[in-house]
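Everything on this sheet refers to the single structure shown next.
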Amino acid sequence: MKKDELVNPNFDKLGYIQIYTGNGKGKTTASLGLALRALGRGWKVLIVLFTKGGSDYGELFAFREFSPKIKKHIKIIQAGLDRIVYSNNINTKDKEVVRKGWEEAQKAAASHEYQLIILDEANIAIDLNLISVEEMKNFLINKPKELEIVLTGRRANPEIIELAHLVSNIEPIKHYWDIGVQARKGIEY
Ligand code: ATP
Ligand code: MG
């Protein structure tokens, strides 16, 4: 078979499912880079930040300063409380806020208004059973054909990996946590 025969004739009219997972640094920032690139092409972008509350994120400050023209194209939904959730400290408030963000994401997809939807830390929300695997699978299978969806976060679910078209597993060859460097403004948040 010639190389050209491998090219899907509709590849640029379709949206794909991408996953950024693994224990290395670069999952959320990869998705933010994609958002920036898509906005530069005039796409409409939705970012849902699961398990992230509070406002002390550099990206939120950056988006706020965008030109009115670009700002019109981006919506950010925070679907988390201002603390880190683990399997042993989840409460009903966490569940409610994730559920609300998840419902908004589904509505946004169904509206056909967006070309890119980023579900940041959705892998974690699934891992903590705040979003069920079945619901996510259903959402991904039935997404509008032209919509690109990005899921980030550690411990991506194998059934979701199965459905995705692109999966990057970011592994830390080195990480400065190991020499005592904690999260820094401008670099990690
Ligand atoms: P980035 O947002 O820089 O792309 P990421 O999305 O790949 O990173 P996450 O797994 O989402 O990384 O981690 C989010 C944040 O949690 C990190 O920026 C850091 O502040 C904190 N964190 C993650 N792993 C550790 C660790 N081993 N020790 C200390 N803090 C950590
Ligand atoms: Mg992240």
Side-chain angles (χ1 to χ4, degrees), residues 16-90 93-94 97-98 100-102 104-105 108 114-128 130-131 148-157 160-161 164-189:
Y16 297 91
I17 300 164
Q18 305 190 22
I19 297 179
Y20 295 89
T21 193
N23 294 328
K25 175 174 168 66
K27 301 174 291 292
T28 296
T29 46
S31 72
L32 295 172
L34 287 172
L36 191 64
R37 186 173 282 168
L39 286 167
R41 296 292 181 185
W43 290 21
K44 258 200 107 172
V45 178
L46 173 73
I47 305 180
V48 185
L49 301 169
F50 287 109
T51 80
K52 275 180 187 162
S55 56
D56 199 15
Y57 291 99
E59 51 270 42
L60 296 181
F61 294 117
F63 291 138
R64 223 171 282 154
E65 298 301 321
F66 275 172
S67 74
K69 191 174 149 216
I70 294 181
K71 226 162 38 189
K72 234 179 33 212
H73 286 109
I74 178 140
K75 184 172 178 185
I76 300 169
I77 296 170
Q78 287 188 268
L81 300 179
D82 196 7
R83 67 192 186 95
I84 298 173
V85 268
Y86 302 103
S87 54
N88 58 4
N89 73 351
I90 301 173
K93 271 244 150 70
D94 297 310
V97 76
V98 168
K100 226 170 136 234
W102 175 226
E104 287 195 59
Y114 295 89
Q115 287 88 55
L116 173 63
I117 294 185
I118 293 168
L119 304 177
D120 183 49
E121 313 301 348
N123 296 334
I124 298 288
I126 295 165
D127 189 58
L128 294 173
L130 294 166
I131 298 173
E148 189 93 8
I149 297 187
V150 176
L151 288 86
T152 81
R154 294 161 190 232
R155 301 191 291 280
N157 184 281
I160 307 296
I161 287 179
H165 306 97
L166 178 147
V167 181
S168 287
N169 187 32
I170 302 178
E171 277 305 316
I173 290 177
K174 275 186 162 187
H175 203 306
Y176 40 55
W177 316 127
D178 299 335
I179 54 167
V181 179
Q182 297 207 315
R184 286 173 297 157
K185 231 184 237 183
I187 300 292
E188 270 81 35
Y189 66 97

key: Contact check, side chains of Arg155 and Asn123, non-hydrogen atoms, under 4.5 Å   = no
note = Output for pair (Phe50 CZ, Asp94 CG), nearest 0.5 Å, gives 13.0 Å
query = Between CG of Asn169 and CD1 of Ile19, what distance do you get to the nearest 0.5 Å?
reply = 10.5 Å
key: Heavy-atom closest pair, residues Ser55 and Phe61   = O-CZ, 3.6 Å
ask   = Within a reach of under 6.0 Å around NZ of Lys71, are more than 12 heavy atoms found that belong to other residues, nucleotides or ligands?
value = yes
task = Quick one: pull up OG1 in Thr29 and CG in Leu34 and give me the separation to the nearest 0.5 Å.
result = 10.0 Å
inquiry  = As an exercise, state the distance from CD1 of Ile74 to CZ of Arg64, rounded to the nearest 0.5 Å.
reply    = 12.5 Å
ask   = Is any side-chain heavy atom of Leu36 less than 4.5 Å from a side-chain heavy atom of Phe66?
value = yes
key: Side-chain (Glu171) to main-chain (Gly24) donor-acceptor, under 3.5 angstrom   = no
request  = Flag the pair Leu166 / Glu148 as yes when at least one side-chain heavy-atom distance between them is below 4.5 Å, and no otherwise.
outcome  = no
task = Indicate yes or no: at least one non-hydrogen side-chain atom of Leu32 is less than 4.5 angstrom from one of Ile47.
result = yes
query = Is there a donor-acceptor pair closer than 3.5 Å between any side-chain N or O of Lys27 and the backbone N or O of Gly22?
reply = yes
inquiry  = For Lys25 and Ile187: C-alpha separation, side-chain torsions, deciding distance, then whether side chain to side chain contact (heavy atoms under 4.5 Å, CB included) applies.
reply    = CA-CA 10 Å; Lys25 175 174 168 66; Ile187 300 292; 4.1 Å; yes
ask   = What is the minimum heavy-atom distance between Ile118 and Ser31, and which atoms define it?
value = CD1-O, 3.1 Å
message = What I want to check is whether the side chains of Gln18 and Tyr20 have a donor and an acceptor closer together than 3.5 Å.
response = yes
request  = Would you give the length of the straight line joining atom NZ of Lys69 to atom CG of Leu39, rounded to the nearest 0.5 angstrom?
outcome  = 11.0 Å
task = List the atom of Asn89, the atom of Tyr86, and the distance in Å for their closest heavy-atom pair.
result = OD1-N, 2.6 Å
request  = Evaluate whether atom CD of Gln182 has more than 12 neighbouring non-hydrogen atoms of other residues, nucleotides or ligands under 6.0 angstrom away.
outcome  = no
query = Would Thr21 and Leu151 count as a side chain to side chain contact (heavy atoms under 4.5 Å, CB included) if you check the C-alpha gap in whole Å, the side-chain angles of each, and the deciding distance to 0.1 Å?
reply = CA-CA 8 Å; Thr21 193; Leu151 288 86; over 6 Å; no
ask   = Any idea which heavy atoms bring Lys52 and Gln78 closest together, and the distance?
value = O-NE2, 3.6 Å
key: Residue Arg184 excluded, over 12 heavy atoms near CZ under 6.0 Å   = yes
task = Any chance you could lay out the side chain to side chain contact (heavy atoms under 4.5 Å, CB included) test for Thr28 and Leu49, step after step, and finish with the verdict?
result = CA-CA 10 Å; Thr28 296; Leu49 301 169; 5.5 Å; no
inquiry  = How close do Ser87 and Leu128 get, counting heavy atoms only, and between which atoms?
reply    = N-CD2, 3.5 Å
Side-chain heavy-atom pair Lys75, Glu104 within 4.5 angstrom cut-off = yes
note = The reported gap from CD1 in Ile90 to CG in Leu130 (rounded to nearest 0.5 angstrom) is 4.5 Å
ask   = Just by modelled atom types, is the Ile17 backbone N or O under 3.5 Å from a matching donor or acceptor in the His165 side chain?
value = yes
request  = Check the pair Ile131 / Leu119 against side chain to side chain contact (heavy atoms under 4.5 Å, CB included), numbers first and verdict last.
outcome  = CA-CA 12 Å; Ile131 298 173; Leu119 304 177; over 6 Å; no
key: Nearest heavy-atom neighbours spanning Val98 and Ala125   = CG1-CB, 4.5 Å
key: Aromatic plane relationship, Trp177 with His175 - under 30° parallel, 30 to 60° tilted, over 60° perpendicular   = parallel
message = So Asp56 and Tyr189, do their side chains get closer than 4.5 Å, heavy atoms only?
response = yes
